[in-house]
2 protein chains.
Amino acid sequence: MSRRYLGAVPDSYHHGDLPAALRAATAELVTERGPTGFSLREVARRAGVSHAAPAHHFGDAKGLLTSVAIEGFQKLADALTEATEGIDDAALRLTACGRAYVRTAQAFPGHFGVIFQEDMVDPTNQEWLEAGLSAYMVLYETISVVRDQLNPSLDVDTAATLSWAAMQGLVVLASKLTVVAKSTGAEVVPLDDLIERFTRITIEGMRAR
Amino acid sequence: MSRRYLGAVPDSYHHGDLPAALRAATAELVTERGPTGFSLREVARRAGVSHAAPAHHFGDAKGLLTSVAIEGFQKLADALTEATEGIDDAALRLTACGRAYVRTAQAFPGHFGVIFQEDMVDPTNQEWLEAGLSAYMVLYETISVVRDQLNPSLDVDTAATLSWAAMQGLVVLASKLTVVAKSTGAEVVPLDDLIERFTRITIEGMRAR
DNA sequence: GCTCTAAGTGGACATTGTAAAGATAATGGT
DNA sequence: ACCATTATCTTTACAATGTCCACTTAGAGC
């Protein structure tokens, strides 16, 4: 008997859906031990298969990690889409984007520990590029709304890049913020609130012409 | 005869300044192969010492990487300090900060590949925390100037965090921007110019009350 | 000059990623 | 229904890695 994941066919020679199980185990492992703690053999163990099984589906370790990264971008794109649906006001919409971004990153730390780790994924993988792009497009759409409502001469590309950078940067910095706040004596602001403050500043900046 | 680095005493049993040589070799290796490509034994080889030598100075691999991360933060703090020196205008100063940040990241990719990789460094290391904090403080100082000149009621902590996040995020996203631009048909903007556009937006946002 | 300690070496061991060859189950054609 | 083919998974093997240990070498201090 061994641990198995989604779509498992217990105690059968064939797994059922090993690729998905391996992705899940990878995300779990990276969540626990960080990107560096990833190990193909440990992942195989957690999925209840031999250490050589992953190779048949993903080629090598980088292939598996790339697949996880793609899944991460898809989760992000879905979250951003769902979060902005039905919101008309530009500022509210951008805030919703930011919240969704940070929350997705916190909900799937295993995936987010990999998506921008360019040496862990195959940077030439088309799916990975497209998955990232389609997540970006959701944000781009929201910035377009900002342009339409607040400033017709807004450079949407620049503003979208800035928003993305600020969100991803915040995710990376998050753990350091508490330490910094303790040293500077500043209040510790919850990420959700911080996102709102970020949005307030950037929205005002985008409004100006 | 073996490759040696700074402070080397050729062909002597003792190295001269092995810690510095190991840091340099680490930065070089991470630059070539990315954070994942780091290997303690390869670093030792490049420094011309046996594979067990690093342990006497840094304990384990994480100790060495932490030391490199500290060096990275120091380089950043120095660059930010130098870049802002003598600049009085708030907007120009913030732009200079951004430029210095991105340029330092590009000049020392080995260091920047490690500084925020929390699973590769010892997150309890006091020097690492302090080095990061002192780099942040240079930025904080600049945002204080923004407050003094443009908006006395500006929340400096929030604005400084936003600026840092945007810069670090931009560094991470940089390699994807070209791809995105190719897909959206947008122009490929040099990072230096992008930083200026970022600054223009955020400065306007900070000015608003 | 002698001892003590810091600095570096060499070997051992468990763990890792990948490759190759073998075993097992499912599939598809007749 | 049967057989061959193929996809899936296992086993074995090998080189490389990080850390530990015992050993050697060189400086520093008395």
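Every chain is numbered from 1 and lettered A, B, ... according to where its sequence line falls, protein lines coming before strand lines.
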Q: Determine which pairs satisfy salt bridge (Lys or Arg N to Asp or Glu O under 4.0 Å) with at least one residue from residues 179-189 of chain B, sequence neighbours left out, and list them in order.
A: E187(B)-R197(B)
Could you state the atom-to-atom distance from [atom1] of [X] to [atom2] of [N] in whole Å?
| X | N | atom1 | atom2 | result |
| --- | --- | --- | --- | --- |
| L65(B) | dG18(D) | CG | P | 10 Å |
| F58(A) | dC9(D) | CZ | C1' | 14 Å |
| D60(B) | dC20(D) | CG | C1' | 12 Å |
| H57(B) | dT19(D) | NE2 | P | 16 Å |
| R46(B) | dT17(D) | CZ | P | 11 Å |
| L18(A) | dA26(C) | CG | P | 15 Å |
| L22(B) | dA7(C) | CG | P | 12 Å |

Q.
Below the 4.0 Å mark, does dA16(D) have OP1 or OP2 next to a side-chain nitrogen or oxygen of S39(B)?
A. no
(Q) Whether R45(B) contacts dT17(D) is assessed here as follows: a side-chain N or O lying under 4.0 Å from the phosphate OP1 or OP2. Is that the case? (A) yes
Q: Using a 4.0 Å heavy-atom cut-off across all strands, classify S50(B) as base, sugar-phosphate, or nothing.
A: base
Q: For A53(B), report the nucleic acid contact type (base, sugar-phosphate, nothing); a contact means any heavy atom under 4.0 Å.
A: base
Q) So is K176(A) actually on top of W128(B)'s ring, under 6.0 Å and inside 45° of the axis? A) yes
Q: Could you check which residues of residues 111-121 of chain B get a heavy atom under 4.0 Å from DNA chain D? Sort them by number, please.
A: none
Q. Which is it for F73(B) and F116(B) under the ring pair (Phe, Tyr, Trp, His ring centres under 6.0 Å) test, yes or no, and what are the steps along the way?
A. CA-CA 10 Å; F73(B) 274 131; F116(B) 286 121; 5.6 Å; yes
Q: Heavy atoms only: give me the nearest A174(A)-L191(A) pair and the separation to one decimal.
A: CB-CD1, 3.9 Å
**Q.** Which residue lies more 5' along DNA chain D, comparing L40(B) with H56(A) via nearest heavy atoms
**A.** H56(A)
(Q) Holding to side-chain hydrogen bond (donor to acceptor under 3.5 Å, both in side chains), I want the full list of residues that pass it with S134(B), two or more places apart in sequence or in another chain. (A) none
Q) Is R93(B) paired with E141(B) through a side-chain N to carboxylate O contact shorter than 4.0 Å? A) no
Q: Look at the rings of Y140(A) and Y136(A) and say which category their plane angle falls in: under 30° parallel, 30 to 60° tilted, over 60° perpendicular.
A: tilted
Q. Got a sec, which residues hit ring pair (Phe, Tyr, Trp, His ring centres under 6.0 Å) with Y101(B), two or more places apart in sequence or on another chain?
A. F112(B), W164(B)
**Q.** Sequence-distant partners of D78(B), side chain to side chain contact (heavy atoms under 4.5 Å, CB included), two or more places apart
**A.** none
What pairs of nitrogen or oxygen atoms, one from the protein and one from nucleotides 12-15 of chain D, lie under 3.5 Å apart?
{"residue": "dT12(D)", "atom": "O4", "partner": "H51(A)", "partner atom": "NE2", "Å": "2.8"}

